[in-house]
Number of protein chains: 2
Amino acid sequence: MANVIKGKEVAKFFLSNRPKKNLEANLSKPKLAIIRVGEDESEKSYERSVLTKLVPLGIDCESKVMDVNVSQDVFNQTFDEINRDPSIHGILLLKPVPKTLSLDHVIQTIDPLKDVDCIGAVNMARIYQEGPKGFIPCTAKAVMKIIEFEQIDLKGKSVVMVGFGMVIGRPLTLLLVEAGSTVTICNEFTKDLKKESSRADVLIVATGVKHLISASHVKKDAAVIDVGINVADDGRIVGDVDFDEVVNKAGSITPVPGGVGTVTTYVLAEHVMEAYELQNKLK
Amino acid sequence: MANVIKGKEVAKFFLSNRPKKNLEANLSKPKLAIIRVGEDESEKSYERSVLTKLVPLGIDCESKVMDVNVSQDVFNQTFDEINRDPSIHGILLLKPVPKTLSLDHVIQTIDPLKDVDCIGAVNMARIYQEGPKGFIPCTAKAVMKIIEFEQIDLKGKSVVMVGFGMVIGRPLTLLLVEAGSTVTICNEFTKDLKKESSRADVLIVATGVKHLISASHVKKDAAVIDVGINVADDGRIVGDVDFDEVVNKAGSITPVPGGVGTVTTYVLAEHVMEAYELQNKLK
């Protein structure tokens with residue numbers, strides 16, 4: 001039976017090991033601006049969970065909500081004000097935004113030091129390039145934290161990534177290859193997914209397809225990291241991995257809920273604190 | 001015996017199929033600025049081959065040579081002048097530059113429309129992101145052209161990439177996965193390279209290790225694309241693939257020299273023409 005990796009324990013471990021910086025008494029608190037356009041329920045639910053977790057850690061959160069029909073000009077101007085506001089240290093844009101809006105201006109102009117979830121071109125280019133990284137997407141960082149917590153040495157390991165989106169597949173591929181892994185990326189055109197996925201020492205799944213991965217997709221004792229969040233027919237939240245089956249074959253596995261998602265919100269908090277420290281040049 | 005893919009034929013094919021644009025008589029010719037710092041022999045040799053191939057295609061080339069000890073300020077100022085000069089449509093920076101120089105300013109400020117070899121953050125971020133691309137590195141584009149010329153349908157194909165640099169491995173991984181391939185990236189820590197590489201329908205090698213790939217690394221009838229350029233003990237230029245061995249097993253193979261490199265220079269020419277057309281808004 002696999003070791004079940006509890007997101008809360010991972011978050012607690014890294015939070016308690018975070019180096020303390022010298023805060024000056026006259027400094028304001030770290031502050032995150034959450035930008036939301038429209039009233040999408042899943043965005044609002046994520047927003048609530050961010051508030052619930054970040055505020056107790058001493059982070060101010062301010063929601064900037066725009067109407068779903070906001071014009072491109074007003075959206076860009078509102079963004080510019082937030083981006084320039086020295087009292088705001090981190091910016092979280094809830095996505096997707098309405099299809100009528102282009103994010104080009106945001107991508108090109110967001111201050112890299114405030115771009116705590118890596119939506120801007122500068123931080124994206126830093127992931128893509130060899131060398132030091134800026135902020136990486138919180139979910140990708142959460143997966144790396146879980147790997148670190150599990151003390152998996154990535155060098156020479158075979159990692160299979162199922163899915164290749166902007167938040168997981170793309171950044172993690174680059175980070176994992178830089179860490180020395182042999183990475184295989186699968187997508188909906190992959191001819192024999194079981195054959196590919198069952199070669200993995202570490203299997204990372206981010207497809208949005210409920211229970212895509214069964215026990216027959218997994219090598220015995222592999223580490224299985226499930227980034228999927230889906231609603232089952234009975235209303236339960238389930239992952240892309242059939243947990244009840246795979247838990248009997250994998251060496252370790254993240255549950256859904258309570259796995260990657262929990263660590264992600266902690267990473268967001270950590271990024272806001274780092275952004276605050278960088279902007280205040282704390283050492 | 002494999003079909004030997006001749007770079008010249010690929011280049012000729014795409015050049016003759018290039019759509020003609022309506023040039024106005026009063027327009028100046030397309031112009032490429034080549035920036036070189038120092039007197040590195042291999043950079044000078046590449047510069048000569050660019051001149052030899054581009055000038056007959058009606059492209060003006062201007063070399064801007066700086067002393068190996070140029071200061072960061074003078075380097076940046078010289079670059080700014082070239083970047084702003086409306087008579088220059090494309091910029092090729094010969095690399096590597098001396099270790100004393102930082103390319104941060106160039107990466108952040110190069111005009112994306114002039115960045116014909118994709119060294120700037122904007123074009124890099126466009127490769128990294130889903131959606132339309134800007135200029136991609138000429139060598140990576142050359143590999144894509146060869147795949148197109150060979151009429152290989154990438155969807156569902158197993159592609160193995162050996163090497164993960166900025167010019168080949170990184171951009172091609174993103175382009176190939178977007179095209180529907182299942183991509184495996186190998187590096188120096190890969191435990192069993194033969195096992196990985198012999199699964200490939202398309203094997204792309206860019207490591208700088210002479211004759212790393214023997215016949216036993218290759219699946220029968222695979223397409224083998226060799227991006228390596230190495231000097232053998234007898235002074236000949238050879239690739240990362242042992243051509244004489246692999247030619248008897250592969251379905252198709254690019255030779256070195258006369259393969260990818262030849263197509264690359266043609267792609268550079270095509271990019272300068274595209275840059276010229278974009279800057280003159282030709283249709």
Side-chain angles (χ1 to χ4, degrees), chain A residues 102-104 107-108 110 112 118-132 134 136-137 153-167 169-171 173-193 195-197 199-201, chain B residues 102-104 107-108 110 112 118-132 134 136-137 153-167 169-171 173-193 195-197 199-201:
Chain A
S102 158
L103 291 180
D104 284 352
I107 290 169
Q108 293 310 322
I110 188 168
C118 190
I119 59 169
V122 173
N123 282 330
M124 279 197 253
R126 283 188 188 141
I127 293 178
Y128 179 73
Q129 290 172 71
E130 288 153 353
I136 67 173
D153 178 10
L154 288 167
K155 208 166 276 185
K157 285 282 189 312
S158 174
V159 181
V160 174
M161 179 86 61
V162 189
F164 199 60
M166 288 300 294
V167 165
R170 285 162 197 251
T173 294
L174 292 153
L175 297 171
L176 292 166
V177 177
E178 281 190 11
S181 296
T182 301
V183 178
T184 297
I185 307 143
C186 298
N187 53 30
E188 66 265 45
F189 305 111
T190 297
K191 278 188 183 142
D192 190 342
L193 181 59
K195 199 171 149 191
E196 299 291 341
S197 61
R199 298 170 67 241
D201 301 315
Chain B
S102 157
L103 291 180
D104 284 352
I107 289 170
Q108 293 310 322
I110 188 168
C118 189
I119 58 171
V122 173
N123 282 329
M124 279 197 255
R126 284 188 187 141
I127 294 179
Y128 179 73
Q129 290 173 71
E130 287 154 355
I136 65 172
D153 178 11
L154 287 167
K155 209 166 274 183
K157 285 282 188 311
S158 174
V159 181
V160 174
M161 180 85 63
V162 189
F164 199 59
M166 288 301 293
V167 165
R170 285 162 197 250
T173 293
L174 291 153
L175 297 171
L176 292 166
V177 177
E178 282 190 12
S181 296
T182 302
V183 178
T184 298
I185 306 142
C186 298
N187 53 29
E188 69 263 45
F189 305 112
T190 297
K191 279 189 182 140
D192 190 341
L193 181 59
K195 198 171 151 191
E196 299 291 342
S197 61
R199 299 170 65 241
D201 302 314

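Here is how names work: the chains are called A, B, and so on, in the same order as the sequence lines, proteins then strands, and each is numbered from 1.
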* N/O donor-acceptor pair under 3.5 Å between A/R170 side chain and B/L174 backbone -> no

* Straight-line distance of A/D201 CG to B/K191 NZ, nearest 0.5 Å -> 6.0 Å

* Asked: Do you know which of A/G165, A/A125, A/G156 has the most heavy-atom pairs under 4.5 Å to chain B?
  -> A/G156

* **Toward chain A, the part of B/V122 with a non-hydrogen atom under 4.5 Å** => side chain

* Asked: For the atom pair CG (A/L176) and CZ (B/F164), what is the distance rounded to the nearest 0.5 Å?
  -> 10.0 Å

* Which is it for A/I185 and B/I185 under the side-chain contact (heavy atoms from CB on, under 4.5 Å) test, yes or no, and what are the steps along the way? -> CA-CA 9 Å; A/I185 307 143; B/I185 306 142; 4.0 Å; yes

* To do: Using a cut-off of under 4.5 Å on heavy-atom pairs, state which of B/K157, B/R126, B/E130 scores highest against chain A.
  => B/E130

* Structure fact -> The side chain to side chain contact (heavy atoms under 4.5 Å, CB included) partner of B/T184 among A/V183, A/T184, A/V160 is A/T184

* Asked: Looking at NZ of B/K155 and OG1 of A/T190, how far apart are the two atoms once the value is rounded to the nearest 0.5 Å?
  -> 12.5 Å

* To do: To the nearest 0.5 angstrom, please state how far the OG atom of B/S181 sits from the CG atom of A/N187.
  => 7.5 Å

* Asked: Could you state the interatomic distance from CD (B/E196) to OG (A/S158), rounded to the nearest 0.5 Å?
  -> 6.0 Å

* Residue selection (most heavy-atom pairs with chain A, distance under 4.5 Å) from B/R199, B/E178, B/M161 -> B/R199

